[in-house]
Amino acid sequence: MSLRLDVTIMSGVDDGLRLTYSAENGDGAQEDGCWKVSIGRREDSDMCLRNDTFVSRQHAYLIWEDGRWWLQDCDSTNGSFLETDDVDAKVKGTIPIDFGALFRIGHTWMRIDVTG
């Protein structure tokens, strides 16, 4: 099975931009039975958010493990958040994230899209 990740930027200067990553193409890192896509301001991040100054150099990971996506904050300065009904929940450690859920890295809102 080919692992693929589609993420749409939902805010900021890149609003509407759809990013596609594929483990088969060498995107991200595969280790210990999981696939990690790094998010940060560093140029060597898989998902480089250089236009958002509230994003840390190594901010977070999206991880495919056990048949689902996980969002892991890397103790970033400004945090990672998951949209909920009442408030934006701050991510502490690693949490599961569903397709279509909105999440924020720095000031940038994103969504994991269902691939087809």
Side-chain angles (χ1 to χ4, degrees):
M1 178 178 116
S2 174
L3 291 175
R4 185 173 132 181
L5 169 66
D6 290 320
V7 174
T8 300
I9 305 291
M10 305 297 290
S11 66
V13 297
D14 293 322
D15 186 16
L17 178 67
R18 187 170 184 168
L19 305 168
T20 299
Y21 303 90
S22 169
E24 193 172 82
N25 291 340
D27 298 328
Q30 294 187 47
E31 54 189 56
D32 300 326
C34 68
W35 179 43
K36 289 182 166 186
V37 175
S38 61
I39 305 170
R41 236 180 39 248
R42 286 192 341 216
E43 290 296 321
D44 64 346
S45 296
D46 298 309
M47 189 181 305
C48 181
L49 300 174
R50 69 179 65 84
N51 295 319
D52 186 342
T53 59
F54 287 85
V55 173
S56 296
R57 286 184 285 283
Q58 179 53 54
H59 198 105
Y61 285 103
L62 284 170
I63 303 166
W64 178 259
E65 186 174 27
D66 297 329
R68 72 170 308 148
W69 285 106
W70 301 83
L71 176 61
Q72 178 184 49
D73 186 80
C74 299
D75 294 324
S76 63
T77 302
N78 292 302
S80 302
F81 296 84
L82 183 64
E83 183 181 64
T84 64
D85 291 337
D86 299 331
V87 295
D88 297 336
K90 187 168 185 171
V91 174
K92 294 182 193 294
T94 304
I95 63 162
I97 184 168
D98 295 322
F99 288 106
L102 291 175
F103 63 99
R104 180 167 56 88
I105 304 294
H107 281 178
T108 303
W109 283 99
M110 294 181 245
R111 178 186 70 212
I112 297 177
D113 297 318
V114 175
T115 58

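Please read all numbers here as calculations on a predicted model, not as lab measurements. Position 1 is the first residue of the sequence; numbering continues from there.
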_Just verifying a value: how many Å separate Ile39 CD1 and Cys48 SG, rounded to the nearest 0.5 Å?_
11.5 Å
*Closest heavy-atom contact between Leu82 and Ala101?*
CD1-CB, 4.1 Å
*asked:* For residues 21-42, which residue pairs pass the ring-ring contact (aromatic ring centres under 6.0 Å, His included) check, not counting sequence neighbours?
replied: Trp35-Trp69
*Which residues pass the salt bridge (Lys or Arg N to Asp or Glu O under 4.0 Å) test with Asp15, sequence neighbours left out?*
none
Just distance, no hydrogens or angles: give the donor-acceptor pairs under 3.5 Å from side chains in residues 87-97, sequence neighbours left out.
from, atom 1, to, atom 2, distance (Å)
Thr94, OG1, Gln72, NE2, 3.3

*Can you sort out the partners of Arg57 under side-chain hydrogen bond (donor to acceptor under 3.5 Å, both in side chains), two or more places apart, ordered by chain and number?*
none
*For Thr20, check side-chain hydrogen bond (donor to acceptor under 3.5 Å, both in side chains) against everything at least two apart and list the hits.*
Asp6
*asked:* Check whether Ser56 reaches the backbone of Gln58 with its side chain - one donor and one acceptor, N or O, closer than 3.5 Å.
replied: no
*Does the side chain of Ile9 come within less than 4.5 Å of Leu19's, by heavy atoms?*
yes
*Ile63 with Ile112, same ILVMFWY side-chain cluster at under 4.5 Å*: no
*Considering residues at least two apart in sequence or located in another chain, which fulfil the side-chain hydrogen bond (donor to acceptor under 3.5 Å, both in side chains) criterion with Asp98?*
Arg68
*If Ile, Leu, Val, Met, Phe, Trp and Tyr residues are connected whenever their side-chain heavy atoms lie under 4.5 Å apart, and connections chain through other members, are Phe99 and Val37 in the same group?*
yes
*Check the hydrophobic clustering (I, L, V, M, F, W, Y; side-chain heavy atoms under 4.5 Å; chains of links allowed) and say if Trp70 and Phe81 are grouped together.*
no
_Using the side-chain hydrogen bond (donor to acceptor under 3.5 Å, both in side chains) criterion, which residues pair with Asn51? Sequence neighbours excluded._
none
*Mind checking side chain to side chain contact (heavy atoms under 4.5 Å, CB included) for Asp66 and listing every partner two or more places apart, or none if nothing turns up?*
none
_Test your reading of the model: is there a side-chain donor-acceptor pair from Asp73 to the backbone of Ala60, 3.5 Å cut-off?_
no
_Under the salt bridge (Lys or Arg N to Asp or Glu O under 4.0 Å) definition, can you give me all pairs with a residue in residues 36-51, not counting sequence neighbours?_
Glu31-Lys36, Arg42-Asp44, Glu43-Arg50
*Hey, does Leu71 have a side-chain heavy atom less than 4.5 Å from the side chain of Leu62?*
yes
*State, yes or no, whether a side-chain contact exists between Arg18 and Val7 at a heavy-atom distance under 4.5 Å.*
no
*Nearest 0.5 Å, what's the NE2-CG distance between His59 and Asn78?*
7.0 Å
_Met110 side chain reached by Thr8 side chain, heavy atoms, under 4.5 Å_ = no
Donor-acceptor contacts, no H, no angles, side chain residues 102-109, under 3.5 Å, sequence neighbours left out:
from, atom 1, to, atom 2, distance (Å)
Arg104, NH1, Gly106, O, 2.7
Thr108, OG1, Asp52, OD2, 2.7

